[in-house]
Amino acid sequence: MQGRSDRIRGWGLGIWSAIALLYLFIPIFIVVLFSFNDNKGRFNFTWQGFTLDHWAQPFADPDLATALKNSLLIAAITTVIATALGTFMALALVRYGFRGRGAVDMLVFLPLATPEVVLGAALLALFLTAAVSTGFVTIVIAHVMFTVSYVVVTVKARLEGMDRHIEEAAMDLGATEWATFRKVTLPMIAPGVGAAALLASAISIDDYVITSFNAGQTTTFPLFIFGATRQGVPPEVNVLASALLFAVLILMGLNVLLQRRLARRSLARELVDEPQAGALVPARG
Amino acid sequence: MAGSEVADADIRLEGVTKRFGDTLAVDSLDLAIERGAFYALLGPSGCGKTTTLRMVGGFEEPSEGRVFLGGDDVTERPPYKRDVNTVFQSYALFPHLSVERNVAFGLERSKVDREEVRRRGAEALELVQLGGLGKRKPAQLSGGQQQRVALARALVNRPRALLLDEPLGALDLRLRKQLQIELKRIQRDVGITFVHVTHDQEEAMSMADTIAVMNEGHIEQAGSAAELYERPRTEFVANFLGVSNLIDARLRATDGALATVETHDGATLRVPADRIGPHGSDAIRVGVRPEKITLHPANGAAPSDGNRLRGTVVVAAFLGVSIQYVIRAPGGEELTVIAQNLDGSEPESLGPGREVDLTWNPHHTFVVGKEPPT
Amino acid sequence: MAGSEVADADIRLEGVTKRFGDTLAVDSLDLAIERGAFYALLGPSGCGKTTTLRMVGGFEEPSEGRVFLGGDDVTERPPYKRDVNTVFQSYALFPHLSVERNVAFGLERSKVDREEVRRRGAEALELVQLGGLGKRKPAQLSGGQQQRVALARALVNRPRALLLDEPLGALDLRLRKQLQIELKRIQRDVGITFVHVTHDQEEAMSMADTIAVMNEGHIEQAGSAAELYERPRTEFVANFLGVSNLIDARLRATDGALATVETHDGATLRVPADRIGPHGSDAIRVGVRPEKITLHPANGAAPSDGNRLRGTVVVAAFLGVSIQYVIRAPGGEELTVIAQNLDGSEPESLGPGREVDLTWNPHHTFVVGKEPPT
Amino acid sequence: GGVKGEAQKSKTTKVAVVSHPKTTIGDWTFANWPLYIDKQVIKDFNKKFGGHCKYVEEINDNNEFFGKVRQQLQAKQPIGRDIVTLTDYMASRWVRLNYCQPLDKKNIPNISNLEDNLRTINYDPKREFTLPWQSGAIGLGYNPKKTGREIKSVKDLFDPKFKGRVTMLSEPYDSANTVLLGDGVNASNATIDQILGAIAKIDAANKKGQFRRFTGNDYTTDLAKGNTWIALAYSGDLVQLQSDNPELRFAYPEEGAMLFTDNMMLPTKAEHPYAAETMMNYVYEPEVAATIAAYVNYISPVKGIQDILANRKGGAAIAKNPLIFPSAAIRKQLHPYPALSPKDEQTMQQAMAKVTGA
Amino acid sequence: MLRLSLKRRRQLLPWLFVGPGLMWLIVFFAIPLLNQANVSLQSGDAETGYAFNWAFGTYTSALSDYQTQFVRSLGYAATATLLDLVIAFPLAYFAAFKAGRFKNLILLLIVLPFFTSYVLRTVAWQLILSDGGWVTNRFRDVGLIGADGRLLASRTAVIAGITYNFLPFMALPLFVSLEKIDRRLIEAATDLYASRAQAFRRVTLPLALPGIFAGSLLTFIPACGDFINAALLGTSRQYMIGNVIQSKFLTILDYPTAAALSFILMTLILVGVLVYARLLGTQQLTEAAF
Ligand SMILES: Nc1ncnc2c1ncn2[C@@H]1O[C@H](COP(=O)(O)OP(=O)(O)OP(=O)(O)O)[C@@H](O)[C@H]1O
Ligand SMILES: Nc1ncnc2c1ncn2[C@@H]1O[C@H](COP(=O)(O)OP(=O)(O)OP(=O)(O)O)[C@@H](O)[C@H]1O
Ligand SMILES: [Mg+2]
Ligand SMILES: [Mg+2]
């Protein structure tokens with residue numbers, strides 16, 4: 001039953017959504033656009049003309065290359081550690097009713113409810129007190145600390161939707177606890193773990209605040225950009241940021257295609273994983 | 001209580017109790033199941049059936065008591081060290097593995113060689129008539145097919161016993177009936193002990209050799225379907241297994257094989273004397289199954305050598321295969337009578353409002369102790 | 001097809017068709033439901049029952065055809081402008097509102113004054129026997145209680161008709177039976193038209209005044225339970241409603257009230273001649289319900305004035321209230337026979353493997369057209 | 001071990017007997033500000049002297065960097081950097097707190113190329129601990145198209161016509177002292193009270209909305225985009241900005257300008273003093289210094305590079321640029337920071353923080 | 001491990017699983033916070049260091065000196081949260097109920113901006129909002145700002161930046177909670193004579209509350225502590241408490257004040273969250289949020 005007023009309302013909603021999405025994308029257009037700017041000096045904020053030069057040599061500035069490499073490496077290490085720690089925590093929190101679970105839950109929740117300046121400052125204060133020199137390692141420590149909660153939350157959601165009889169069935173069929181985890185639990189929560197890993201790496205790659213406190217001599221991509229804002233952000237930054245964006249876009253597109261194929265092949269709708277919307281909560285600065 | 005006299009018990013529970021916090025889920029239960037039996041645990045929701053089964057499977061540890069499998073005390077063993085397998089109500093198939101790999105899972109764990117895994121897996125799928133579907137993922141199967149995969153996955157390990165927790169509970173009526181027959185066939189073919197948990201009495205009766213009726217964590221009565229149906233020993237069993245017409249009564253006299261009881265509204269009925277046995281003489285209720293009763297128009301020709309009660313028809317409902325009457329007795333009870341639908345419609349003389357006589361053979365009368373109303 | 005002859009139809013569908021893309025969910029369906037009737041739409045999954053109901057409720061717009069409520073064409077009206085209410089299969093209770101507020105929802109929308117909302121809400125809850133639970137949230141109720149809240153929430157508005165979409169589908173057997181009785185009682189008490197969608201034939205038979213059997217978007221046959229059960233007109237109805245024994249046959253002769261047919265394996269059976277009617281003379285199947293058949297040990301004393309077939313017992317299963325036999329006929333069909341459990345066990349003479357005679361009254365024979373196997 | 005011991009002793013006796021004997025260069029670390037060197041210099045150095053120089057652009061702010069390493073310095077631990085480059089007032093603090101060690105001048109013969117006016121400085125009169133890296137003037141960057149006139153005076157920063165179009169530096173050493181110069185006070189000898197007065201003046205103007213923002217060196221974007229018309233600015237930045245925005249200009253205020261110098265220092269316990277001193281010596285070679293100056297566009301402390309640049313391909317413009325090579329007259333008008341006591345410095349910082357809101 | 005009884009093993013296993021992650025959180029989250037508590041009570045100066053001496057005065061002076069920034073932070077964060085709610089709700093509603101097969105595409109588009117750097121996006125806003133830019137000129141044309149008014153370096157820019165940067169944090173939880181709503185509930189409401197608007201107000205909105213709550217938290221909390229937007233899009237007159245903490249900590253090296261400010265901020269946020277939860281009637285804090 002669609003009345004006329006309903007249709008008008010539907011249109012209004014659609015237009016509002018389109019505007020909201022546009023709002024989200026305006027800066028992205030700018031970022032991408034200025035990766036093609038043929039700027040003359042060190043600054044890149046006046047449109048001077050089109051060039052592909054920067055795309056040809058995205059790593060012209062070795063420091064930018066180092067910064068990006070650091071970011072990727074830190075993200076990779078962070079993701080592995082945080083995903084491992086977080087997955088096991090989620091497992092215990094969902095699967096076992098143990099004493100102190102409430103407290104652990106709270107400790108997982110608190111970092112999410114604490115502004116990053118506070119996290120970063122507190123951690124740095126600790127490093128200063130303990131006379132630990134900050135750098136690559138401390139960045140990883142910090143990143144793991146505040147991504148692990150996101151991992152726990154994401155994996156927990158997945159686990160809670162999983163029938164625990166399936167794990168019992170595995171044990172019943174002769175699988176030890178470890179074999180059960182490896183052969184059954186892990187493959188089943190894999191989409192959740194994957195989403196959590198994606199989330200952790202996205203947050204890690206994009207983090208400025210906490211990193212700025214704990215970076216020491218190490219420069220990451222966001223730190224480089226922030227530093228560069230004082231001197232003029234080189235167009236290579238735009239190139240790399242745009243490239244990252246396109247890579248993600250392509251990966252997601254492939255994923256969607258793959259899922260379509262799977263969906264078409266399977267008779268049942270269940271195979272198409274529900275969009276892990278909760279898991280896509282983006283990174284914060 | 002329940003058949004603990006069985007000598008070569010394959011599965012034995014001794015004084016098993018399970019508490020969850022304050023809840024007493026299973027209450028010092030004894031149980032023995034013969035090798036090769038089809039054993040049904042029947043009881044209402046929450047009576048502890050699943051908990052009992054899970055203790056046999058090793059998923060819960062008894063708070064007290066011991067569990068034996070084939071004579072060995074397995075109380076402390078984890079599930080993967082017990083040679084029983086469970087078919088879960090939700091099937092618990094591994095969604096990421098193909099049907100084949102699901103079925104092979106147990107064998108792979110016990111290091112059976114690759115070729116044999118393949119062979120036995122195929123055999124098991126054949127057994128449950130899923131020969132061609134090995135490559136599919138569980139999500140691509142219908143409920144009934146999933147159920148059969150779960151069965152094959154358990155059977156392929158040739159366990160000492162198969163534990164089935166309401167394996168048909170999630171299926172619709174039609175499919176349920178079909179799989180009941182199939183399950184029974186498979187059990188006969190493979191000869192493995194089946195312990196089947198259900199709250200559907202018809203299912204238990206049509207499948208099991210022995211039925212144990214559970215209530216509030218203990219077993220009320222165990223025996224064959226006919227035994228339980230024809231001679232329930234407690235009010236709970238009488239009501240849980242089929243429909244019973246129960247009337248308060250007290251013992252008047254015993255002569256020979258038959259005893260005479262007087263109902264609370266003064267009618268006299270006769271019951272086999274040996275069925276009075278364990279109950280006192282005062283607080284008893286006599287019962288009769290609805291299909292054992294024959295209805296006659298009041299004051300018409302009714303056989304004189306049986307129990308007889310007078311009543312008024314309240315409802316006559318057409319159920320297809322049978323017609324169900326509800327009769328109000330003078331004492332206020334509503335008695336149910338079921339007559340086979342032999343003629344396509346109920347006779348006018350037995351329509352609502354009519355006075356009728358109910359008669360039945362005294363041998364079909366049973367006796368249960370009176371229980372305080374819950 | 002279905003009862004379009006009803007004059008003062010309360011709900012009327014005329015040539016209603018509904019397509020979803022390529023799927024033809026409902027196929028030019030005509031339907032008329034009398035005021036105050038308990039009308040059941042019965043059919044297998046996917047036959048279009050829900051879609052039909054949703055078009056009456058206003059949640060879907062027909063692709064073609066018109067919907068009338070009490071004579072008014074409501075085809076274009078949104079749900080909130082139709083005075084029918086729906087009880088959804090999943091109950092669709094508002095989880096954030098208390099039971100009371102759920103029930104009051106409809107009245108509040110139609111600006112009934114506060115005091116009356118309270119009074120009528122309380123009344124409705126009383127009616128479904130949930131007097132004390134008004135303050136609870138839906139999540140704190142059992143499935144059966146939720147179902148009753150959904151009912152109260154719809155009833156309280158005193159709609160022209162109540163549309164119930166498998167309202168008992170999610171409940172277990174015991175609760176389902178109990179609520180069937182309750183629903184029937186409530187319908188009698190309030191006198192509102194009920195349109196009840198179900199795929200459970202027993203449920204339809206025990207509750208409805210009129211049953212419409214749907215298949216693939218159209219109505220196969222509509223009528224009272226007894227009519228449909230005793231004289232199904234299509235093979236689909238014969239099989240969907242209860243168990244039928246069907247045998248291929250061809251017409252031989254008609255003399256008077258009875259016609260003679262010859263089964264494909266040569267036996268001769270008689271059927272009421274008027275039932276041959278619409279079907280051709282060749283491709284027919286004759287049928288008989290399992291409870292209409294009486295079993296006799298082979299060559300024993302069997303009445304001679306009826307239909308008779310010979311067969312071998314394959315299975316004899318104790319079902320409590322009855323005993324079910326499966327008999328293999330010479331032509332290869334497996335015929336089902338149900339005998340009331342009058343004696344507590346099946347007679348030895350009818351055990352598996354025995355030869356038996358099956359007899360029944362020719363008047364219980366029905367005829368359906370032969371359908372190509374699906 | 002011996003080396004460090006001597007360094008320690010030299011401190012206590014206040015006699016600069018330092019010896020950092022020649023060693024291999026090895027892997028060592030140079031901490032500097034971003035975009036403050038032509039990286040080719042590092043490559044050439046590595047090629048010429050061997051070893052590997054880890055060049056980190058980690059100093060974005062003197063205080064921030066100090067906060068990062070203070071704990072270790074206090075505990076007399078090595079901080080993992082062999083050269084750090086810090087601005088005068090911070091360099092002064094390091095000298096005062098013994099956080100850096102004397103340089104072995106024998107390893108830095110090129111020190112003779114140091115411009116005369118930088119040979120002595122109040123906190124390190126004999127340049128025992130510090131060696132200038134680059135200097136810069138704090139002056140007026142502006143867009144004449146917007147202002148409509150030439151900007152010459154510090155007072156122009158306070159011209160109500162430019163309300164909301166002016167950015168002010170948030171570092172009080174830079175901003176308060178420039179304001180003092182504008183008021184005719186010799187900022188190099190300013191007292192804390194005078195400075196607080198200048199801060200009060202800034203505060204008053206800020207409250208009226210005169211200043212668009214307080215900035216570090218991030219005023220450039222606004223100036224280039226035309227968001228602001230006048231900025232209190234660093235000379236080197238303007239040279240850079242002009243390449244994209246040729247209309248921008250830099251003026252040394254007629255009342256005089258503050259001169260800051262960033263100084264190379266050898267942190268105490270630095271593990272590669274010889275490498276560090278070799279580098280210091282290297283960048284004092286006029287050819288090398290010319291390369292650096294051409295890249296960073298600040299005022300080089302090394303003598304004789306103007307001619308080198310004038311003869312280099314593409315260097316002529318640079319050699320003529322008064323922002324990089326101020327005339328002698330202008331040089332006279334450039335004032336170093338005042339020497340403040342730690343307490344006064346904190347008072348000043350806190351007063352300014354109140355104004356800037358952070 | 002094998003010889004442990006079933007029961008013992010079941011007690012031990014969870015701690016084995018939780019252990020490493022828990023240790024990480026304790027050592028690098030809980031202990032630093034405790035350490036901050038200690039630092040906040042120290043006094044001294046940047047050059048010579050700080051020592052613990054129960055300096056509660058730091059708290060009072062921090063509160064009185066930076067009251068403006070606290071109020072501003074909460075105000076900006078609350079405004080941005082509200083704006084995000086207004087912008088994101090229709091978007092999430094559209095994605096959940098109307099988008100059909102474009103649902104996943106819209107979700108993707110909501111998330112995508114987050115794969116370019118946060119700082120870079122904010123820098124892009126600097127360009128977009130610059131004084132001579134198209135946007136500013138249009139605002140001038142329409143008369144929303146005066147002839148020599150500006151967008152950049154103003155409160156508007158900072159709030160817009162925060163709103164922009166945290167929009168997906170609002171949109172995604174909203175989407176999740178809206179999508180969870182059983183459509184039959186809305187049908188049931190219309191069946192019970194509720195018009196579309198009434199069905200929305202009485203059924204959809206209340207059922208989306210957990211999403212509104214979660215989205216608000218995910219937006220409000222980081223927004224409160226944010227300093228990048230104020231630093232890049234604002235002036236010192238828009239500085240938020242995050243800027244103060246950052247500069248106290250990194251530039252002025254006044255650790256005790258920074259620590260005290262951190263704690264005051266956390267307290268304010270916690271109180272705010274509790275009050276908000278109360279207002280929305282959400283019982284399970286952590287559960288509702290995630
Ligand atoms: N893990 C548990 N924690 C607390 N109580 C439990 C747990 N498992 C079962 N119970 C309680 O123990 C009792 C028996 O439960 P059980 O699952 O064995 O019943 P059941 O007979 O299988 O019922 P159903 O037919 O509903 O499955 C119930 O009261 C149940 O609430
Ligand atoms: N919204 C829809 N879009 C596409 N196809 C639909 C839609 N709703 C129903 N159908 C199709 O229409 C046909 C009839 O569906 P309907 O839901 O009416 O069946 P039903 O008789 O209620 O079945 P069930 O007993 O399973 O509820 C089915 O083939 C179904 O797949
Ligand atoms: Mg159970
Ligand atoms: Mg349906």
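Every chain is numbered from 1 and lettered A, B, ... according to where its sequence line falls, protein lines coming before strand lines. All values below were derived from every heavy atom in this structure, side-chain atoms included, with hydrogens, water molecules and symmetry-related copies excluded.
Between the D191(E) side chain and the P79(C) main chain, no donor and acceptor come within less than 3.5 Å of each other. Side-chain atoms of H96(C) do not come within 3.5 Å of backbone N or O of L209(E) as any donor-acceptor pair.
Heavy-atom distances place no part of L163(C) under 4.5 Å from chain E, backbone and side chain included. Within the 4.5 angstrom heavy-atom criterion, no atom of A199(E) approaches chain C. R183(E) does not touch chain C: none of its heavy atoms, backbone or side chain, sits under 4.5 Å away. For chain E, the nearby part of R54(C) is the side chain; its heavy atoms alone come within less than 4.5 Å.
Contact annotation: the side chain of L207(E) approaches that of P95(C) to within less than 4.5 Å [non-hydrogen atoms, C-beta and beyond].
If you check the side chains of Y193(E) and D83(C), you find no donor sitting under 3.5 Å from an acceptor.
A distance of 5.5 Å separates CG in L192(E) from CZ in F94(C), rounded to the nearest 0.5 Å. Between the CZ atom in R184(E) and the CZ atom in F88(C) there is a gap of 8.5 Å [rounded to 0.5 Å]. Distance check: Q198(E) CD to F105(C) CZ gives 7.5 Å after rounding to the nearest 0.5 Å.
Between chain E and the residues A92(C), A150(C), G57(C), the most heavy-atom pairs under 4.5 angstrom are made by A92(C).
Annotation for Q67(E): atom CD does not count as buried by contact number, only 12 or fewer foreign heavy atoms lying within 6.0 Å. Residue R201(E) qualifies as open at atom CZ: its count of foreign heavy atoms under 6.0 Å is 12 or below.
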